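To keep things clear, I will list the structure first and then write my remarks on it.
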Amino acid sequence: MSTTERAPHSVRTTPAKGERIADWADGRLGIYSLRFLLRKVFPDHWSFMFGEIALYSFIVLILTGAWLTMFFDPSMSETVYHGSYVPLQGIPMSQAYASTLDISYEIRGGLFIRQLHHWSALIMIAALCAHTLRHFLTGSFRKPRELNWLIGFIILVLVTLEGFVGYSLPDDLLSGTGLRIAEGVTLAIPVVGTYLTLFLFGGEYPGTDIIPRFYSIHILLIPGIVLALTAAHLILVFYHKHTQFRGPGRTENNVVGQPLMPHYTAKAGGFFFLVSGVLALLAGIAQINPIWTYGPYRADQISQGSQPDWYMGFLEGALRAMPAWEFVLPGGYTVNMGVLLPAVILPTVMIKVFAAWPFLEAWITGDKREHHLLDRPREQPTRTAFGLAFVSFYLVLFFGGANDVLAEHFHLSLNQITWAVRIGLFAVPALTYIITRRICLGLQRRDRDKLLHGRETGRIKRLPHGEFVEVHERLDRETEYTLLSREMPEILPAPEATDADGVPNPNVREEKRRHLLSRWLFGGQIAKPTREEMRHALEHLDPDHAPSPNGHAALEERDQDRHQNQQVH
């Protein structure tokens, strides 16, 4: 029989200071229970870095914005400039514009911080656009991430609005022109447009309240919402676990990658400093938004060739491409479709279509499974083609917003460019859709050919009867598995008007719509090689090792289980 004796206090070791601090924090915050988060696994892929770039740019934006608020005066009261920028001395201007000049010329490092803030905003929105497109093309918006898709898309819309509001704060001639356009767009909204304009501007344009109101929105309202949504977005990423591309060892139930601590944290920290360094380099060598060359805003002036920041270029292009079209309703109410359609209706439709796509695709397929493995863009030709057609539509509008600049630099007719934009809005997305879909199907055929005939080695072999042929080799096992693991979505069957007993089907119209959309979404796919085709191909390519195709039996079993689950649902 053994006994356990308690060591006397004199021989007990004192815990280290760090351990005592950790114990104190755990007793109040329960940090030891969060230990599993430190081993959270994140996969590696270059496309995942777009979200990180957006997040790190947002951090730089917050830091530089906090610094700028200490020196910026958001007032529209008039003053006369007597600063160090000689060309503007003695010019009447608002306090907002004068304080921005002082930040640029009087405060040490002020111009650098201003440009760092502006470049961070541009890079953040660009990274968010690429991040959203990556999610769309790879299908990561599917269950259970529909809500997170909406959160991310709302962040993109809010950040775009935040950029426009912040761009307007200096009250220079260029940003004032943008405010004037915003006032016209608001007025074009039927019934409530006049009231919204008075509420926004506090009276007749430009008034004296718009800059202070935009300042509050810019530094408080929108950043607070974006911070809250970003936190929710990241929490859901942790909760749902990270998506990953298909490959050996990767299933719907695991994540293959590196843990949060220490690997991913070290890489993310280094990447943060890399992004910050690139932003600082841009701010130091690439001039942006030189408000002193525009001058203070005056309602009776405008600069030729004025262009907004790139993320608002599509709206400018839509306004320039739309013909002047208005009509008068009974009672004498005028509806200005030349502004309402391109600046209100069109952006609203674009936002709704992209935001609702996950729910539309889920309704078409009837798929209720959770998806943690990503599609390659070529594996969903219709979705990829639709996404790139959407991007091409945006780009046509973007270049349409620079029709005067293009006409001047390339010595072209302004009217011809405008008509090219009007025609291109319909022709370019259609051509982009057709070409992209054909490319995706061609890549599917190429993958199938690689599986059946192997890869080209560049080695030429002479056969006994004198023919020269190129030697092909079997793909490596990882690539072979990845190509064979592609899901083959099934087209929903055409509905029957009546059942076997002759009872009319009450849902025949909805089921027919789903069948047609399913055929559009999944039709024309190139089938994967069957098991027998792969067996014959491997016997020819690798006669010394010709067992069953790598992973094909397991994949077929998985596909059968998936088909049975869909039938149960």
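Hydrogens, waters and symmetry mates play no part in the numbers below; they use all other heavy atoms, side chains included. In this text the structure is predicted, and so the values were computed from the model without any measurement.
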Residue list, ring pair (Phe, Tyr, Trp, His ring centres under 6.0 Å) with [X], at least two apart or on another chain:
X	result
H372	none
Y167	none
Y264	F42
F359	none

Would you be so kind as to tabulate the donor-acceptor pairs closer than 3.5 Å made by side chains of residues 57-65, with sequence neighbours excluded?
{"from": "S57", "atom 1": "OG", "to": "I53", "atom 2": "O", "distance (Å)": "2.8"}
{"from": "T64", "atom 1": "OG1", "to": "V60", "atom 2": "O", "distance (Å)": "2.8"}
{"from": "T64", "atom 1": "OG1", "to": "L61", "atom 2": "O", "distance (Å)": "3.2"}
{"from": "T64", "atom 1": "OG1", "to": "H117", "atom 2": "ND1", "distance (Å)": "2.8"}

How many angstroms lie between [atom1] in [X] and [atom2] in [Y], if you round to the nearest 0.5 Å?
X	Y	atom1	atom2	value
M312	F164	CE	CZ	5.5 Å
F390	L133	CZ	CG	10.0 Å
F141	F136	CZ	CZ	6.0 Å
Y394	F399	OH	CZ	11.0 Å
R145	T243	CZ	OG1	5.5 Å
K528	R486	NZ	CZ	7.0 Å

Determine whether [X] and [Y] make a side-chain contact, defined as any pair of heavy atoms from C-beta on separated by less than 4.5 Å.
X	Y	result
Q380	P489	yes
V421	N403	no
E470	I460	yes
H45	L374	no
V41	H242	no
Q444	P381	yes
I345	T348	no
W46	F50	yes

[X] side chain vs [Y] backbone, donor-acceptor pair below 3.5 Å:
X	Y	result
E252	L373	yes
H409	V405	yes
W119	A286	yes
E510	N507	no
R134	F48	no
H515	L492	yes
R519	A494	no
E370	P144	no
N254	T251	yes
T384	L137	no

For [range], which residue pairs pass the salt bridge (Lys or Arg N to Asp or Glu O under 4.0 Å) check, not counting sequence neighbours?
range	value
residues 51-63	none
residues 373-383	R142-D375, R246-D375, R246-E379, E361-R383, D375-R383, R376-E379, R376-D447, R378-D447
residues 394-409	R320-D404

side-chain contact (heavy atoms from CB on, under 4.5 Å) with I285: which residues, sequence neighbours excluded?
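Per chain and number, I285 pairs via side-chain contact (heavy atoms from CB on, under 4.5 Å) with L281.
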
side-chain contact (heavy atoms from CB on, under 4.5 Å) partners for E162, two or more places apart
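Checked E162 against side-chain contact (heavy atoms from CB on, under 4.5 Å); matches are H218, I222, P223.
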
On the 0 to 90° scale, with breaks at 30° and 60°, tag the F153-F354 ring pair as parallel, tilted or perpendicular.
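Taking F354 first and then F153, their aromatic rings sit tilted (interplane angle of 30° to 60°).
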
With under 30° as parallel and over 60° as perpendicular, where do the rings of H131 and H135 fit, or are they tilted in between?
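Ring orientation of H131 relative to H135: perpendicular.
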
Locate the shortest heavy-atom distance separating [X] from [Y]; write the atom from each residue and the value.
X	Y	value
A54	A127	N-CB, 3.7 Å
Q115	A283	NE2-O, 2.7 Å
T382	L521	OG1-O, 3.2 Å
E480	L538	OE1-CD2, 3.9 Å
A318	P342	O-CB, 3.3 Å
W520	Y433	NE1-OH, 2.8 Å

Sequence neighbours left out, what passes side chain to side chain donor-acceptor pair (under 3.5 Å) with D309? Give chain and number order.
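Side chain to side chain donor-acceptor pair (under 3.5 Å) list for D309, sorted by chain: H118, Y311.
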
Test side-chain contact (heavy atoms from CB on, under 4.5 Å) applied to R438 and L441, step by step:
CA-CA 5 Å; R438 297 303 301 172; L441 293 176; 3.9 Å; yes

Should the pair R455-E473 be classified as a salt bridge under the 4.0 Å nitrogen-to-oxygen rule?
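Between E473 and R455 there is a salt bridge, with a charged N closer than 4.0 Å to a carboxylate O.
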
Does atom [atom1] of [X] have more than 12 heavy-atom neighbours from other groups under 6.0 Å away?
X	atom1	answer
W363	CH2	yes
F271	CZ	yes
K241	NZ	yes
E496	CD	no
Q416	CD	no

Check salt bridge (Lys or Arg N to Asp or Glu O under 4.0 Å) between K267 and all other residues, then give those that pass, not counting sequence neighbours.
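In terms of salt bridge (Lys or Arg N to Asp or Glu O under 4.0 Å), with neighbours along the sequence ignored, K267 is linked to D44.
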
Apply side-chain contact (heavy atoms from CB on, under 4.5 Å) to the pair L463 and V469, showing each step before the final yes or no.
CA-CA 7 Å; L463 300 181; V469 296; 4.1 Å; yes

Show the numbers, then the answer: is there a side-chain contact (heavy atoms from CB on, under 4.5 Å) between H472 and E456?
CA-CA 5 Å; H472 286 224; E456 299 174 352; 3.8 Å; yes

Show your reasoning for whether side-chain contact (heavy atoms from CB on, under 4.5 Å) applies to I155 and L158.
CA-CA 5 Å; I155 290 175; L158 286 176; 5.8 Å; no

